[in-house]
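So that the names make sense, note that chain A is the first sequence line, chain B the second, and so on, each numbered from 1.
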Amino acid sequence: MSEETGGPELQPDPEDDLPEQMRIRREKREQLAAQGMEPYAIGLPITTTIAAIRAAHPDLPIDTATGDRVGIAGRVIFSRNTGKLCFATLRAGEGTEIQAMLSLANVGEEQLAAWKDLVDIGDHVFVAGEVITSKRGELSVLADEWRMAAKALRPLPVAHKPLSEETRVRMRYVDLGVRPGAQQMARTRVAVVASIRQSLSSRGYLEIETPMLQTLHGGATARPFVTHSNAFDIDVFLRIAPELFLKRAVAGGLERVFEVNRNFRNEGADRTHSPEFTMLEFYQAYADYQDIATLTRELIQEAALAAFGSLTVTHPDGTELDLSGVWPQVGLYESLSEAIGETITPATERSRLLELCERDGIDVAPTAVNGKLVEELFEHHVISGFTGPTFVMDYPVDTSPLVRGHRTKPGVVEKWDLYVNGAETGTGYSELIDPVIQRERLIEQASLADRGDAEAMHLDEDFLRAMEHGMPPMGGAGVGIDRVLMLLTGQGIRETILFPLVKPEQRQ
RNA sequence: GGGUCGCUAGCUCAAUGGUAGAGCUGCGGACUUUUAAUCCGUAGGUUCGGGGUUCGAGCCCCCGGCGACCCA
């Protein structure tokens, strides 16, 4: 890095510019080593956990000595010094806390002085001693020995002021340590995903893994991320959906399959969208979109029970969301017609749809198909009226190239979208399995792509070949796991994702 | 894509165009029972970056960066 000219004492010390608090902590790290203490210890003689101590001594009376000697580690989150007696609150990773007490009588002058000089909030420390309760009744470890486990060189943020949202997202490692809700979200996600896996597994579904690197992007209309395979010297796409591969699996006889994994869409990021997000997709041979709607509802209800023990969840803003019972279904065209006081059907003239969009100031791309116009109008007029979970039924054909035509209604397909609190949470189909119609639909999509629609699908001959070999009738759905977390917790997508993509900071 | 708001000490935030402050944190000191300890003392700043207007800019103008919210 720097040139070897001149001795080290002539080099400007890069740490001279550090904020005072960071400089001091670096000095303390040096002092630990100088006093023969390892600032980053390994092999500490830990005998138990903070949680186990709390569980073993739930109701000790005030000022009690147990005779129970333990060695524990934890992060210092509070520190109080009353002279010849120091208190520190140690927090385990999972959030349980216990008090450590270091007295002159028990650790001696040297160790007490080292503690006072060298331990800061944020440090991980090891403490060994007897489990007692203090004169105020606080369960404590009365130390006869302490060691540094890991010296923190940056100060922890002030514990009693919430971190700004940006800091929470950018420094999740700090957020997790200081805000119990951050860990709760991570644990809720695990509970939800585990529940969904269990629910599907118990219904005979196989969890399979399909490609994330795809030579054609398909299964949804979205802009993909593009990367390059050096080995094959071809561009490949990060998948926008696993749908076409899951259907291939069903075609091969894996009649109930699902996948929970990441999708990537090269589009905007906001409160409800993340460039990478976790999608559940599941497909079941001989099911239709009503069967799949029922299963989707059950998956979410079972997940709510697993994560919160209730079908009614309360959000931080106080609103309650009731997920119980059977969820209502409303027709897309019917609800739109009612909302604008004019009958809209798949046969409504394009010119009229354009007029209606114009009237409402809805910007539509020139390439937008009629169905897209209807969906835009629907989103503009109807969605905000939904409160609880609602299935919107029967979508336009031209925006749904992978869905089979409705068995009785002309011009629409057997597709639903699930809306909860105004956010699209999932979609389900009676899948199109007629390879001739599928080819026509995909050719139409390909022509849209040729005309500049970057979201349109491309012709996937291998997928068609699979269908031509015979694909059983099936229903399938995609459910956004992050969206499910959002509806259960009432928080934005960036809080449901542990480490969401953020723009790099300019400096450092 | 458009609009509005924000970015100031380690953290959370103040500051009519006129000497950049507070709380917590830190540092020094006192205290053997504290719970966001208390008390005394004290340090800490490229006000996101660049340019402009002005005698003078954290504040006004322009460009850029990052973020939040609203809209289409």
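Dashed line: the shortest gap from a side-chain N or O of A/K135 to OP1 or OP2 of B/rU33 is not under 4.0 Å. Here A/K503 does not reach the OP1 or OP2 of B/rG64: none of its side-chain N or O atoms lies under 4.0 Å away. Between A/S79 and B/rU35, a side-chain N or O to OP1/OP2 separation shorter than 4.0 Å is absent.
Toward the 5′ end of RNA chain B lies the nearest nucleotide of A/T89, the other residue of the pair A/C357 and A/T89 mapping further downstream. Two residues, A/D120 and A/M171, neighbour RNA chain B, and the one matched to the more 5' nucleotide by heavy-atom proximity is A/M171.
Residues meeting the salt bridge (charged side-chain N to carboxylate O under 4.0 Å, His left out) test with A/K409, sequence neighbours left out: A/E334, A/D394. By the side-chain hydrogen bond (donor to acceptor under 3.5 Å, both in side chains) test, A/E276 pairs with A/R262, sequence neighbours left out. Under the rule for a side chain to side chain contact (heavy atoms under 4.5 Å, CB included), the partners of A/D360 that lie at least two apart in sequence or sit in another chain are A/I362, A/L377, A/H380, A/H381. Partners of A/R54 according to the salt bridge (charged side-chain N to carboxylate O under 4.0 Å, His left out) rule, which considers only residues two or more places apart in sequence or in another chain, are A/E138. Every residue was checked against the side-chain hydrogen bond (donor to acceptor under 3.5 Å, both in side chains) condition with A/E27, not counting sequence neighbours, and none meets it. Qualifying salt bridge (charged side-chain N to carboxylate O under 4.0 Å, His left out) partners for A/D144, counting only residues two or more places apart in sequence or in other chains: A/R69. With sequence neighbours excluded, no residue satisfies salt bridge (charged side-chain N to carboxylate O under 4.0 Å, His left out) with A/R29.
At a non-hydrogen distance threshold of 4.0 Å, nothing from residues 50-75 of chain A comes into contact with RNA chain B.
Within the 4.0 angstrom heavy-atom criterion, no nucleotide atom of any strand lies near A/M22. Here A/R25 lies out of heavy-atom contact (under 4.0 Å) with every strand. Using a 4.0 Å heavy-atom cutoff across all strands shown, A/I362 reaches sugar-phosphate atoms only and no base atom. Looking at heavy-atom distances under 4.0 Å, A/R494 makes contact with sugar-phosphate atoms alone, never a base. Residue contacts shown for A/L163 are limited to sugar-phosphate atoms, with no base heavy atom under 4.0 Å away. Within 4.0 Å of A/K116, counting heavy atoms only, lies no atom of the nucleic acid at all. Among the protein residues, A/S140 comes within range of no part of the nucleic acid, since none of its heavy atoms lies under 4.0 Å from any strand.
Pair check for B/rA15 finds none; no Watson-Crick or G-U wobble contact set falls under 3.5 Å. Pair assignment for B/rG67: B/rC5, on the basis of Watson-Crick or G-U wobble contacts that are both within less than 3.5 Å. The partner of B/rU38 is B/rA30, by the rule that a Watson-Crick or G-U pair needs both atom distances under 3.5 Å.
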Each nucleotide of nucleotides 38-43 of chain B classed B (base within 4.0 Å of a protein heavy atom), S (only sugar-phosphate) or -, in 5' to 3' order, makes -----B
With the criterion being N/O to N/O and under 3.5 Å, what pairs connect the protein with nucleotides 4-9 of chain B, and how long is each?
none

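Applying the side-chain hydrogen bond (donor to acceptor under 3.5 Å, both in side chains) test to every pair with at least one member in residues 486-498 of chain A, sequence neighbours left out, gives these pairs: A/R168-A/E495, A/R172-A/E495, A/R179-A/E495. Note on residues 88-127 of chain A: pairs passing ring-ring contact (aromatic ring centres under 6.0 Å, His included), not counting sequence neighbours, are A/W115-A/W146.
Between A/F378 and A/F386, the ring-plane angle classifies as tilted under the 30° and 60° cut-offs.
A salt bridge between A/E267 and A/R223 is absent, with no side-chain N of the basic residue lying under 4.0 Å from a carboxylate O of the acidic one.
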Would A/T348 and A/L353 satisfy side chain to side chain contact (heavy atoms under 4.5 Å, CB included), going step by step from the backbone distance to the final call? CA-CA 7 Å; A/T348 300; A/L353 297 175; 3.9 Å; yes
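A gap of 27 Å separates the C1' atoms of B/rA20 and B/rU4, to the nearest Å.
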